[in-house]
Number of protein chains: 2
Amino acid sequence: MVSHARPAVAVDLVILTLLDGALSVLLVRRGEPPFEGKLALPGGFLRVGDGVEDQGEDLDAAAARELEEETGLGVEDVLLEQFSTFGRPGRDPRMRVLSVAYYALVRSDLAKRVRAGGDAAETCWIPVAELREGVLAFDHEDILQVALARMREKVDTSSLAFSLVPETFTIPELRAVYSAVKGEPQDPGNFRRRVTRLIEDGVLEKAPGVRRTASKPAALYRFRSSG
Amino acid sequence: MVSHARPAVAVDLVILTLLDGALSVLLVRRGEPPFEGKLALPGGFLRVGDGVEDQGEDLDAAAARELEEETGLGVEDVLLEQFSTFGRPGRDPRMRVLSVAYYALVRSDLAKRVRAGGDAAETCWIPVAELREGVLAFDHEDILQVALARMREKVDTSSLAFSLVPETFTIPELRAVYSAVKGEPQDPGNFRRRVTRLIEDGVLEKAPGVRRTASKPAALYRFRSSG
DNA sequence: TCAAAAGTGTTCTGCTTACACCCATGA
DNA sequence: TCATGGGTGTAAGCAGAACACTTTTGA
């Protein structure tokens with residue numbers, strides 16, 4: 001068998017949550033070159049072991065490890081899903097690097113507890129709408145945009161949205177998620193009817209209690225993962 | 001910067017076409033261990049250059065190169081799209097290998113011209129419905145299934161289906177593509193109405209001539225890629 | 001008592017589904 | 001002339017868009 005030059009392989013995370021109605025991404029400020037001082041997606045290199053006896057960790061495991069390191073959150077609380085791999089030559093000036101990209105959807109109640117400054121690096125939530133071109137390191141702007149595009153595709157046809165609301169949530173809270181992901185307001189009446197159908201279909205169920213809001217309290221619902 | 005052990009990176013292709021109404025995948029018989037004699041998806045290692053000055057080829061370029069080597073077809077005639085990356089430790093017993101997977105959709109008229117036996121290896125089209133568990137090497141069964149699932153998701157919301165019919169095609173031919181991808185027959189009347197809407201929306205247009213069939217000749221249409 | 005936001009109702013429109021049926025052609 | 005399969009018609013029902021309206025609360 002021929003020997004081949006090998007690329008370095010990283011796993012990068014697009015960690016998203018909803019803060020004050022704005023879809024926000026977790027970014028770290030780079031403390032070293034290249035792109036020193038710029039914001040970047042959290043990530044790290046895949047552990048490969050010696051490659052023969054020990055072939056190292058799975059891609060999903062690497063993503064889960066990075067997520068834990070960066071946020072303290074485990075996969076049981078977060079939707080973590082691979083969406084694409086980026087490998088353009090030159091995307092990292094130091095060497096050939098492939099990034100296997102994952103998005104992680106964090107419930108807003110957990111997002112608030114994320115320790116700001118996990119790995120000694122400066123960590124912050126930034127609303128994606130506020131990001132200007134050129135502020136992200138590497139090709140991370142591309143990676144983020146692909147993640148957002150994929151979410152827009154899937155939000156209507158998967159249970160993705162329920163990963164961005166607390167375990168029990170109100171219809172307006174869920175509506176805020178759809179509005180943020182799709183980038184356009186959702187009609188309250190029509191949205192309510194859609195949710196009603198989800199309840200009839202057994203996807204959602206009513207949860208006890210109500211949520212106190214600035215005005216009229218809203219009923220609570222929860223996602224029925226089982227049965 | 002720390003030095004990391006690196007995985008080998010391959011690009012594997014799920015090359016699909018429609019032969020006699022059956023969705024079929026191009027497979028090669030392996031001539032060497034591991035999995036000698038088993039069928040496998042065509043693929044090859046990513047060219048990385050020296051990794052510093054020359055960082056090698058893009059992922060898409062590697063996929064296009066493999067496609068050309070295996071089928072003689074170029075990207076201008078084929079829809080080639082990355083869909084996932086597979087990296088489970090142990091998926092290749094020799095060493096840690098990541099496979100960046102692409103699907104390639106080939107028009108049936110071109111598929112018939114694919115030289116059977118490209119790289120001296122035995123190459124053949126196999127209907128995916130006829131594949132039994134355990135006949136594919138590595139985790140290629142998984143890769144194929146993920147490709148098919150992705151196609152089923154996208155066939156209704158993208159122009160993917162037009163990559164599987166000849167440049168000018170009849171409505172029944174297009175219907176056969178949808179039936180094969182979705183795995184269930186499509187109602188002729190309803191399907192025709194859907195196509196009619198696509199024509200009204202300017203996605204398709206009538207093409208000159210008719211296709212002679214076993215019975216009544218069918219009108220021809222083509223995809224309007226531009227304007 | 002007023003504004004804000006939860007929650008309800010209504011109408012129109014268009015797509016989907018299911019299925020019956022007509023028609024042109026090759027054998 | 002008959003079977004095949006291309007092509008047309010129709011009616012029921014559901015889903016989405018738009019929007020007016022009522023209700024309940026905090027300030």
Side-chain angles (χ1 to χ4, degrees), chain A residues 18 20-22 108 152-159 161 165-166 168-222, chain B residues 18 20-22 108 152-153 155-158 161 165-166 168-222:
Chain A
L18 202 71
D20 301 324
S108 47
R152 280 191 290 271
E153 275 175 20
K154 292 193 71 171
V155 70
D156 282 316
T157 53
S158 80
S159 52
V165 287
T168 66
F169 54 88
T170 67
I171 292 181
E173 281 166 0
L174 189 63
R175 182 160 58 91
V177 168
Y178 276 79
S179 300
V181 172
K182 307 232 262 186
E184 52 190 19
Q186 302 294 108
D187 181 277
N190 297 335
F191 191 84
R192 167 168 298 275
R193 195 179 1 254
R194 282 177 58 183
V195 172
T196 307
R197 252 195 310 277
L198 290 179
I199 296 168
E200 284 166 4
D201 295 348
V203 179
L204 299 180
E205 65 183 2
K206 216 162 173 341
V210 291
R211 176 96 76 230
R212 303 285 311 270
T213 68
S215 65
K216 180 175 172 180
L220 288 173
Y221 301 86
R222 76 161 68 92
Chain B
L18 202 72
D20 301 322
S108 47
R152 279 192 289 271
E153 277 175 19
V155 70
D156 282 317
T157 54
S158 80
V165 286
T168 66
F169 54 87
T170 67
I171 293 182
E173 281 166 0
L174 189 63
R175 182 159 58 93
V177 167
Y178 276 79
S179 299
V181 172
K182 308 232 262 189
E184 52 191 18
Q186 303 294 108
D187 182 278
N190 297 336
F191 191 84
R192 167 168 298 275
R193 195 175 3 252
R194 282 176 58 183
V195 172
T196 308
R197 252 196 309 278
L198 290 179
I199 296 167
E200 283 166 4
D201 295 348
V203 179
L204 299 180
E205 64 183 2
K206 216 162 174 341
V210 291
R211 176 95 76 232
R212 304 282 314 268
T213 70
S215 65
K216 181 175 171 180
L220 288 173
Y221 301 86
R222 76 162 68 92

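The sequence lines fix the lettering, A, B, ..., with proteins before strands; numbering per chain opens at 1. Hydrogens, waters and symmetry mates are skipped; everything else that's a heavy atom, side chains included, is used.
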Return no unless some side-chain N or O of B:R211 is found under 4.0 Å from OP1 or OP2 of D:dG6.
no
Output a table of nitrogen or oxygen pairs between the protein and nucleotides 17-19 of chain D separated by less than 3.5 Å.
{"residue": "D:dA17", "atom": "N7", "partner": "A:N190", "partner atom": "OD1", "Å": "3.2"}
{"residue": "D:dA17", "atom": "N7", "partner": "A:N190", "partner atom": "ND2", "Å": "3.3"}
{"residue": "D:dA18", "atom": "N7", "partner": "A:N190", "partner atom": "OD1", "Å": "3.4"}
{"residue": "D:dA18", "atom": "N7", "partner": "A:N190", "partner atom": "ND2", "Å": "3.0"}
{"residue": "D:dA18", "atom": "N6", "partner": "A:N190", "partner atom": "OD1", "Å": "3.0"}
{"residue": "D:dA18", "atom": "N6", "partner": "A:R193", "partner atom": "NH2", "Å": "3.4"}
{"residue": "D:dC19", "atom": "N4", "partner": "A:D187", "partner atom": "OD1", "Å": "3.3"}

Close side-chain approach of A:L220 to A:T170, heavy-atom, < 4.5 Å:
yes
Could you check how far CD of B:Q186 sits from P of C:dT16, rounded to whole Å?
11 Å
Take the protein atom CZ of B:R197 and the nucleotide atom P of C:dG14, then report the distance between them rounded to whole Å.
11 Å
Quick check against the 3.5 Å criterion: does B:D201 have a side-chain atom that pairs as donor or acceptor with the backbone of B:V203?
no
Rounded to whole Å, the CG-P distance (B:L198 to C:dT16) equals 10 Å
B:F191: what forms a ring-ring contact (aromatic ring centres under 6.0 Å, His included) with it, not counting sequence neighbours?
B:Y178
Please check: side-chain N/O of B:R211 versus main-chain N/O of B:T168, any donor-acceptor pairing under 3.5 Å?
yes
Got B:S158 and A:E153 here, is their nearest side-chain heavy-atom distance under 4.5 Å?
no
Identify each atom pair where a protein N or O and an N or O of nucleotides 23-27 of chain C are less than 3.5 Å apart, giving names and distance.
{"residue": "C:dG26", "atom": "OP1", "partner": "B:R212", "partner atom": "NH2", "Å": "2.9"}
{"residue": "C:dG26", "atom": "O4'", "partner": "B:A214", "partner atom": "O", "Å": "3.4"}

Min side-chain heavy-atom separation B:R193-B:N190 under 4.5 Å
yes
Kindly indicate whether the side chain of A:V155, heavy atoms from C-beta on, has any atom under 4.5 Å from the side chain of A:K182.
yes
Tell me whether A:R194 is salt-bridged to A:D156, with the criterion being a basic N under 4.0 Å from an acidic carboxylate O.
yes
Quickly work out the B:L174 CG to D:dG6 C1' distance and round it to whole Å.
15 Å
Check whether any side-chain nitrogen or oxygen of B:R192 sits under 4.0 Å from OP1 or OP2 of D:dG6, and answer yes or no.
no
B:R175 CZ to D:dG7 P, in whole Å, measures 10 Å
I need the CD1-C1' distance between A:I171 and C:dT8, as an integer number of Å.
12 Å
Gap between atoms CZ and P, on B:F191 and D:dG5 respectively (whole Å)
17 Å
Min side-chain heavy-atom separation B:R192-B:T196 under 4.5 Å:
yes
